[in-house]
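Here the structure comes first, spelled out in structure tokens, and everything after it is commentary.
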Amino acid sequence: MKDYAQPDAGGHFGTFGGRYVGETLIAALDELKTAWDSAKNDPAFLAEFHAMLRDYAGRPSPLDYAERLTKKVGGAKIYLKREDCNHTGAHKVNNVVGQGLLARRMGKCNLIAETGAGQHGVATATIAARFGMSCKVFMGAEDVRRQAPNVLRMKMLGAEVVSVTSGTSTLKDAMNEAMRYWSAHCTDTYYVVGTAAGPDPYPEMVRDFQRVIGDEVRTQYAEKEGGLPDLLIACVGGGSNAIGLFYPFIGDASVGLLGAEAGGRGVATGKHAASITGQQLGILHGARTYLLQDPNGQVLEAWSVSAGLDYPGVGPEHAYLAEIGRAKYAAVTDREAIEAFQLICRLEGIIPALESSHAVALALKVAATMRPNQSVVVCLSGRGDKDIDHVNAWLAEHPDAVLA
Ligand SMILES: *Cc1c(COP(=O)(O)O)cnc(C)c1O
């Protein structure tokens, strides 16, 4: 059997992950790792985490049988894990509740984060308000302009949004700036990473906070159908909702794991965010992984109709699962995602996030090739109210994609 007990003591998932950061951050990461190692084995900490997920975030989220979608596809049964029902409308709350509690345990009362689309910034601002902590969110100037509603949300929640103008003024530059700021302020500041990526111990820690998704699916599926689902599908930006769903099933060989990367306008056009599909190895956000880069090793901006899949790399555990073949990954184009978005609106009365629509699109394709006595669980990572103007504008430019 392949070794699924990752990472090793140094935070490596096979040859991926690790810590590629400046010397000042090593001490900060050591302090964090020590605190996390103690917290994750402390029943009181875990009880507080789960109580807050219940009372504040509204967990467990439902496992919902999509009957009309299933009939339309005519293959495997499609279940939706409804992370869109959580407080703040996505899975991101699971992670910020966990890291907020850890920051408090470590005595750090200032939170920082970086954000691209703004959703992780909003989640961090939310938890900072709840805990009475200060919050600074680094965001590329270009993203500040493009994501005005989320900038306003962060401000309403009491956070400061720091507009970053280096490089291309987008997410990768905000990530560099957040790391730089953290190096200088790590005694009183906690850096909340928003996905299962970054230097050790973040990928493992974020996974362990998000695994509540898969743990719940296991119980809920057994109650509804008995046994285990045949296939799990989730979209992959940095990979936190996907690893949260996959991880509890990793040792169950009968359960397939399938990640949907953002194929943008098509991988061949270069306008995409499909890091695993692209197979370019390098260092991003302090870890060795697949990332988007040009021939000179410069990090490229991710491209997708869905702003939340804009992470220019992928978490190291996904890189590892892809390499050993335990999970498969496929690129889904903007058009396929928007077609799936419209379909689930009409057939299930659910407006999904554009990110999640990538997972739904892949599910429609794959479920059609499966038998009616099989089941697919799709992670509906978030709700799509934030995306309706964008979808509307995209459809105005692509009238042939409008669902009749
Ligand atoms: C942020 C976000 C994602 C992508 O992040 P992962 O870390 O890959 O899960 C997906 N869906 C929604 C709704 C998001 O907000």
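Predicted model only: the values in this text are computed from it and were never measured. When a ligand or atom number is given, it counts from 1 through the structure's own listing order.
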Quiz prompt | Pair Glu48 + Arg104: basic N to acidic O under 4.0 Å | solution = yes

Quiz item: Closest non-hydrogen protein atom to atom 11 (N) of ligand 1, residue and atom name please, with distance?
Solution: Ser381 OG, 2.7 Å

Practice problem: Please test Glu301 against Arg146 for salt bridge (charged side-chain N to carboxylate O under 4.0 Å, His left out), starting from the C-alpha separation and ending with a verdict. | Solution: CA-CA 14 Å; Glu301 196 183 344; Arg146 290 188 289 212; 3.2 Å; yes

Quiz prompt | Top protein contact for atom 14 (C) of ligand 1, by heavy-atom distance | solution = Lys92 NZ, 2.8 Å

Quiz prompt | Test side chain to side chain contact (heavy atoms under 4.5 Å, CB included) applied to Thr195 and His120, step by step | solution = CA-CA 9 Å; Thr195 188; His120 174 58; over 6 Å; no

Self-check item: Sub-4.0 Å heavy-atom contact, Ala242 with ligand 1
Solution: no

Exercise. Could you tell me which atoms of ligand 1, counted from 1 in the order shown, lie closer than 4.0 angstrom to a heavy atom of Gly239?
Key: 6 (P), 7 (O), 8 (O)

Quiz prompt | Atoms of ligand 1, numbered as shown, that sit under 4.0 Å from any heavy atom of Gly382 | solution = 13 (C)

Quiz prompt | Arg288 charged N/C atom sitting above Tyr20 aromatic ring, 6.0 Å / 45° | solution = no

Exercise. Please confirm whether Ser356 comes within less than 3.5 Å of ligand 1 when only nitrogen or oxygen atoms on both sides are compared.
Key: no

Quiz item: What are the atoms of ligand 1, with element, lying closer than 4.0 Å to any heavy atom of Gly237?
Solution: 8 (O)

Quiz item: Considering Glu355, Glu83, His91, which one's heavy-atom position lies nearest to atom 5 (O) of ligand 1?
Solution: His91

Exercise. Output the list of atoms in ligand 1 that are nearer than 4.0 Å to some heavy atom of Asn241, sorted by atom number.
Key: 6 (P), 9 (O), 10 (C)

Quiz prompt | Distance from atom 4 (C) of ligand 1 to nearest protein heavy atom, with residue and atom | solution = Gly308 O, 3.5 Å

Exercise. Compute the centroid of each ring, for Tyr202 and then for Trp36, and state whether the two points are separated by less than 6.0 Å.
Key: no

Quiz item: What's the shortest distance from atom 7 (O) of ligand 1 to any protein heavy atom, and which residue and atom give it?
Solution: Thr195 OG1, 2.5 Å

Quiz item: For the residue pair His390 and Trp394, is the inter-centroid distance of their aromatic rings smaller than 6.0 Å?
Solution: no

Quiz item: Taking only heavy atoms of Ala353, which atoms of ligand 1 are found under 4.0 Å from at least one of them?
Solution: 13 (C)

Exercise. Output the distance between atom OG (Ser375) and atom CD (Glu225), rounded to the nearest 0.5 Å.
Key: 4.5 Å

Self-check item: For atom 6 (P) of ligand 1, the protein heavy atom that lies nearest, with its residue and separation
Solution: Ser240 N, 3.3 Å

Quiz prompt | Note: Lys40-Glu204 ion pair, threshold 4.0 Å (strictly below) | solution = yes

Quiz item: Would you say His120 touches ligand 1, if touching means a heavy atom closer than 4.0 Å?
Solution: no

Practice problem: Answer yes or no on whether Arg211 is positioned over the face of Tyr247, meaning its NZ or CZ is under 6.0 Å from the six-membered ring centre and within 45° of the axis. | Solution: no

